[in-house]
Asker: 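Quick one: the structure is below, questions incoming.
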Amino acid sequence: MDRLFEPMTLLRGPAWKNRFMLAPLTNQQSHPDGRLSDAEYRWLTMRATGGFGLVMTAASHVQAAGQGFPGQIGCFGDEHLEGLTRLAAGIRAGGAVSSVQLHHAGNRAPKELVGTPVCPSDDAETGARALTLAEVEAVRDDFIAAAKRAEKAGFDGVEVHGAHGYILAQFLSPEVNRRDDRYGGSLENRARLILEVLAGIRAACRPDFQLGLRLSPERFGLVLPEIREVAAEILRAGQIDYLDMSLWDIGKEPMDDAFKGRTLMSLFTELPRGDVRLGAAGKVMGAESAKSLLDAGCDFVVVGRGAILRHDFPERVRHDNAYNSPTLPVTARHLMDEGLSSGFVDYMKNWKGFVA
Ligand SMILES: Cc1cc2nc3c(=O)[nH]c(=O)nc-3n(C[C@H](O)[C@H](O)[C@H](O)COP(=O)(O)O)c2cc1C
């Protein structure tokens, strides 16, 4: 268990005091225009004082057209700077390293929020329209501008959201991305946007600005060996400081029959990564599963629902080798005591069996 509480140095930026990262968790608590609310400030700063080494914000859209959820925290305009600055300071005061998760929902943006959503290619299912080449470049530049804004606000870094079928994953998918320009076709072309975003942030922000990437390797038309190849290339290049794999279950087997009989995670822990750090998310609900993730070859542990249930998940693990999250469902009162607003509690009712 002690290893979970060893500090972790990274290639760039501040060391984390332990191996616990708060997962990016959409909570719909910000104002309709994307400015930070007091409720969102409270929710996140409580996780900083609860002992997380790194506190990640919820997915934060880099363009108004990329909004994926009502009440999403924005990073696309200078009107967001004041709230982001307050948040960065609050997380630091709580003792954690801070990061904004940069996001664009692409074809998953609800029509009620953005009008016609955009996508690498026209998409009949969602009614999304293909981005022009100039618009693809604008998406890239807006990811970079949002990172600059997070830097200006005082965040220690950003994580680029390349997971869960949002726009960067849409570009990676041969099913969704049918472009015939330099952003479509070969894997090299489909990975170009994500690589340009990472390189652009690295070039635009200060040298010790900590840069992470989140990937998920399955569903949404992704091809597992391709995502592994992209991850391998990014780890080899050493431009990012950490890779955060969103697996939804750290013990699961790959869906792809060719890889059955081993864990999905092992496909990534076995990649050479130099000093780039690797973490994963998916059902870490207590001390034992957190430890098992390090035993399986990860450097850090990403905690989502366990951190909703207890703001001080890391502290509880530190005091109790056998700590387990409260049994589900929990009451709304319990969640409010753990720093969720009533709106966030309502959102959690979408997760079957979570709220009584
Ligand atoms: C309420 C909720 C909101 C989430 N929001 C985001 C998000 O904004 N960005 C993201 O990359 N993942 C998001 N996720 C996924 C989590 O970051 C995490 O990967 C997932 O919940 C699995 O970890 P867990 O089993 O510890 O919850 C969300 C998950 C939940 C339950």
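Whatever order the structure lists them in is the order used to number ligands and atoms, beginning at 1. Values below: all heavy atoms of this structure, side chains included; hydrogens, waters and symmetry mates excluded.
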Asker: Near Q101, which atoms of ligand 1 are under 4.0 Å from a heavy atom of that residue?
Answerer: 7 (C), 8 (O), 9 (N), 10 (C), 11 (O)
Asker: Once you restrict to heavy atoms under 4.0 Å, what part of M348 touches ligand 1? Side chain, backbone, both or neither.
Answerer: side chain
Asker: How far is atom 12 (N) of ligand 1 from the closest protein heavy atom, and which atom is that?
Answerer: R214 NH1, 3.0 Å
Asker: Starting from atom 6 (C) of ligand 1, which protein heavy atom do you reach first, and at what distance in Å?
Answerer: P24 O, 3.0 Å
Asker: Between D156 (side chain only) and S98 (backbone N and O only), is there a donor and an acceptor less than 3.5 Å apart?
Answerer: yes
Asker: Is a donor from one side chain sitting under 3.5 angstrom from an acceptor on the other, for S99 and E159?
Answerer: no
Asker: Does NZ or CZ of R277 lie under 6.0 Å from the centre of the six-membered ring of Y242, at an angle within 45° of the ring axis?
Answerer: no
Asker: So, R202 and D241, do they make that salt bridge, N to O below 4.0 Å?
Answerer: yes
Asker: Nearest protein heavy-atom contact for atom 29 (C) of ligand 1: which residue, which atom, what distance?
Answerer: L25 CD2, 3.6 Å
Asker: Check whether NZ of the Lys or CZ of the Arg R86 lies under 6.0 Å from the centre of the six-membered ring of Y41 and within 45 degrees of that ring's axis.
Answerer: yes
Asker: Specify the protein heavy atom at minimum distance from atom 23 (O) of ligand 1: its residue, its atom name, and the distance to 0.1 Å.
Answerer: G282 N, 3.6 Å
Asker: Does the side-chain contact (heavy atoms from CB on, under 4.5 Å) test come out yes or no for K111 and T116, once each step is laid out?
Answerer: CA-CA 6 Å; K111 284 197 180 64; T116 303; over 6 Å; no
Asker: Which residue and atom name correspond to the protein heavy atom nearest atom 4 (C) of ligand 1, and how close is it?
Answerer: T26 N, 3.4 Å
Asker: Is there a donor-acceptor pair under 3.5 Å between the side chain of R47 and the backbone N or O of L22?
Answerer: no
Asker: Of the protein's non-hydrogen atoms, which lies at the shortest distance from atom 25 (O) of ligand 1, and what is that distance?
Answerer: K283 N, 2.6 Å
Asker: Among all the protein's non-hydrogen atoms, which is closest to atom 26 (O) of ligand 1, and how far away is it?
Answerer: G304 N, 2.8 Å
Asker: Would you say ligand 1 has an N or O under 3.5 Å from any N or O of H161?
Answerer: yes
Asker: Distance under 4.0 Å to a non-hydrogen atom of R305: what atoms of ligand 1 satisfy this?
Answerer: 22 (C), 24 (P), 25 (O), 26 (O), 27 (O), 31 (C)
Asker: Under 4.0 Å between a Lys/Arg side-chain N and an Asp/Glu carboxylate O for D337 and R333?
Answerer: yes
Asker: Only one of N18, D295, D299 passes side-chain hydrogen bond (donor to acceptor under 3.5 Å, both in side chains) with R3; say which it is.
Answerer: D295
Asker: Could you check whether the rings of F20 and F5 sit parallel, tilted or perpendicular, using 30° and 60° as the cut-offs?
Answerer: tilted
Asker: Enumerate the atoms of ligand 1 whose separation from the nearest heavy atom of S246 is less than 4.0 angstrom.
Answerer: 19 (O)
Asker: List ligand 1 atoms under 4.0 Å from A23, heavy atoms only on the residue side.
Answerer: 17 (O)
Asker: For A59, which part has a heavy atom under 4.0 Å from ligand 1: side chain, backbone, both, or neither?
Answerer: both
Asker: Polar-atom distance check: A281 versus ligand 1, any N or O pair below 3.5 Å?
Answerer: no
Asker: Quick one: look up the protein heavy atom nearest atom 15 (C) of ligand 1 and list residue, atom name and how far away it is.
Answerer: W248 CH2, 3.5 Å
